[in-house]
Amino acid sequence: MSKEFKRTLITSALPYANGPVHIGHLAGVYVPADIYARYLRLKGEDVLFIGGSDEHGVPIALKAKDEGVTPQEVVDRYHYIIKKSFEDFGISFDVYSRTSSAIHKKTASDFFRTLYDKGEFVEQTSEQYYDEEAKQFLADRYITGICPHCGNERAYGDQCEACGTSLSPMDLIEPKSAISGSVPVLKETKHWYLPLDKHEAWLEKWILEDHKEWKPNVYGQCKSWLDMGLQPRAVSRDLDWGVPVPVEGAEGKVLYVWFDAPIGYISNTIEVCQDQPEKYGDWTKWWKDEATKTINFIGKDNIVFHCIVFPAMLKADGSYILPENVPANEFLNLEGDKISTSRNWAVWLHEYLEDFPEKQDVLRYVLTANAPETKDNDFTWKDFQARNNNELVAILGNFVNRAMVLTQKFFEGKVPARAALTDYDQQTLEEFASVKKELETNLDNFRFRDALKDAMNLARIGNKYLADTEPWKLAKTDMERTATILNIALQITANLAIAFEPFLPFSAEKIKRLINKSDLKWSQLGSADLLPDEHPLNPPTLLFEKIEDEAVAKQVQKLEDSKKANEANP
RNA sequence: CGCGGGGUGGAGCAGUUGGUAGCUCGCCAGGCUCAUAACCUGGAGGUCAUUGGUUCGAGUCCGGUCCCCGCAACCA
């Protein structure tokens, strides 16, 4: 924490390209990562924010087979939807690429080969179920049969959902391939394993001793794994979709997506550095220089891969630095139920952007204010509406509008000069100046929910200041005092543009347009001299608008419909 | 009895090294009227999942039970 860093590499978990992005992804990973990236950039720091689609793996291969198209067609479809929706939503990636790119294939392949040549893998042959009809090996998940414990006929090769017993595929009675329905046969296959057990010692020190500041969910999960003892982990799969294992005699085998995907962070870095070398420099400085601080934003489902497996891969190579922190969020539920791509129980980003044009910040606000930082949270449309109407409109938008309209009314839209300040003025200025430190502490420690609350407090301070000083009354008797009050209110408004920039970039931009001031920096936050006397403002317009019941009802109806559709054909 | 995180007023969350519960929204009342019936002030509302124990005193420590989520067992 106290180390001096020259630059920050921010990664966000690669969304799996078998569907579009939904609010769960956003709340868990992309919104917090984007807030952090924008915050650091605003502070003038050197930042590289990486994203990209994760496009390999069995589910995509199967989906392609189902639809009778190639896997590439499947990932093309979702990759572009995802990329576009992130752009429109204002997730400020420096690069958003994909793991089916040529650069990635080479990077991942080379990475494997380096470890292979160094002798960092162990080879092992085992027997696995093979589907002769579909001509592929079956993951446990893709084998069904009768549960030996409770007789459930639809038990999976890894677990029986009915009685909860953990199973291995060999336990199943009358095993069947979930892909073709045929009876699988056992067949020998060879794979490469990363011996995590060999990395246990340094991982223990690195995490348990050197990173006690990691979030409880992250630290606890890692500790439990380390306490149990690590096992070698396969890094290859029998599949025809992915990065081929670059070893002689490995035909028909590809890198396991979990080996492949995090390397995507590296290949995307290489890609952006090759495209814009003058801006980003050489890629190695982002991955191999101790002065770089790496932060991996992820969801709680892949803590182990980012804290143990990927670091072990990097260490096995030997030339890479390790992440400084891995802030993992919990999950977001939707109207009381788990978000599910297959059940279409989700709010899809690309649909939201169509249904609520120009309202990116509303969703960003709601997902941040209700972010699942310490436990699973629930997203409801009612809450979405309430937060927009009662917080964004009523507190933030309203304050800015009040300051703007009053200035328009009494001073022809020009910032009036301050006269002597009263004690109460001083007190107000000190109060909002002190917000900066708190805000920074919260952002630095990935407490974005609290940080957003701090920013919101600035607007509250503003509203209270106007209510207490009543400039609309004073305008009848004391113009000088009115001028002072409005000057302060406008300075607070300018501060809002800075404080909200990481959270609500579109609205911050709007505020800047209103106050006719674009060159605001984070370091100026807390200052009461952002707008000079007589500075002309633009005519007042509204920052946010109310969301009516009908708009929300329509969304709820949409969800009801997919629920009914699910019940109709389960 | 696999492991981890969580279970605090109607909703969402804080609660640092133990000292009779805080915040935002909602609700009720009052004030104000510049503002998107928005804003400001005050109030009601909680046996801190449950159950034992340690302690002068526990949401905060220890044990049991229940519930939710995640991870694991070659899903990603």
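Naming: A, B, ... by sequence-line order, numbering from 1 per chain.
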Nucleotide nearest [X] (side chain, heavy atoms from C-beta), chosen from [options]:
X	options	result
A:A234	B:U24, B:A76, B:C74	B:C74
A:V257	B:C34, B:C39, B:A76	B:A76
A:N217	B:G70, B:C75, B:G5	B:G5
A:D468	B:A38, B:C69, B:C40	B:C40
A:K453	B:A76, B:G12, B:U36	B:G12
A:D54	B:C32, B:U24, B:A76	B:A76
A:F331	B:C39, B:G70, B:A14	B:G70
A:S224	B:C3, B:A76, B:G6	B:C3
A:A467	B:A38, B:C40, B:C74	B:C40
A:K473	B:U24, B:C34, B:U33	B:U33

In whole angstroms, how far is the [atom2] atom of [N] from the [atom1] atom of [X]?
X	N	atom1	atom2	value
A:Y219	B:G6	OH	C1'	19 Å
A:H306	B:G70	NE2	P	18 Å
A:L406	B:C39	CG	P	16 Å
A:L334	B:C68	CG	P	19 Å

What nucleic acid atoms does [X] come within less than 4.0 Å of, heavy atoms only: base, sugar-phosphate, or nothing?
X	value
A:K223	nothing
A:V393	base
A:T374	sugar-phosphate
A:K464	sugar-phosphate
A:F410	nothing
A:N370	sugar-phosphate

Quick one about [Y] and [X] (side-chain donor to acceptor, distance below 3.5 Å, no hydrogens or angles considered), yes or no?
X	Y	result
A:K253	A:T189	yes
A:T428	A:D425	no
A:K215	A:Q221	no
A:E55	A:S100	yes

Write down the partner of [N] under the Watson-Crick or G-U wobble criteria, each distance required to be under 3.5 Å.
N	value
B:G2	B:C71
B:U65	B:A49
B:C28	B:G42
B:C23	B:G12

Review point. Checking only heavy atoms, does the side chain of A:Q128 share a donor-acceptor pair with the base of B:C74 at less than 3.5 Å?
Key: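 Checked by distance alone, the answer is yes.
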Review point. Considering only heavy atoms and no angle criterion, is a donor-acceptor pair shorter than 3.5 Å present between the side chain of A:R237 and the base of B:C74?
Key: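 Between B:C74 and A:R237, which were checked side chain against base, a qualifying N/O pair under 3.5 Å is present.
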I'd like the [atom1] distance from [M] over to [N], given in whole Å.
N	M	atom1	answer
B:C27	B:G12	C1'	16 Å
B:U16	B:G7	P	12 Å
B:G18	B:U54	C1'	12 Å
B:A29	B:G64	P	50 Å
B:A49	B:A44	P	23 Å
B:G26	B:A11	P	15 Å
B:G22	B:G42	P	15 Å
B:C69	B:C28	P	35 Å

Point to revise | A:S126 or A:E470, whichever maps to the more 5' nucleotide of RNA chain B | key: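 First, find each residue's nearest nucleotide; the 5'-ward one identifies A:E470.
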Exercise for review: Select from A:Y365 and A:L466 the residue whose nearest nucleotide in RNA chain B is closer to the 5' end of that strand.
Suggested key: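 Nearest nucleotide further toward 5': that of A:Y365.
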Parallel, tilted or perpendicular, judged at 30° and 60°: which one describes the rings of [X] and [Y]?
X	Y	answer
A:W381	A:F356	parallel
A:H25	A:H22	parallel
A:W241	A:H56	perpendicular

Taking only N and O in the side chain of [X], is any of them less than 4.0 Å away from OP1 or OP2 of [N]?
X	N	answer
A:Y465	B:C40	no
A:R460	B:C23	no
A:N390	B:G26	yes
A:K338	B:G70	yes
A:R402	B:C40	no

Review point. What is the minimum heavy-atom distance between A:N442 and A:D454, and which atoms define it?
Key: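 Shortest heavy-atom contact: ND2-OD2, 2.7 Å.
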Exercise for review: Flag the pair A:H191 / A:Q128 as yes when at least one side-chain heavy-atom distance between them is below 4.5 Å, and no otherwise.
Suggested key: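 Side-chain contact under 4.5 Å: yes.
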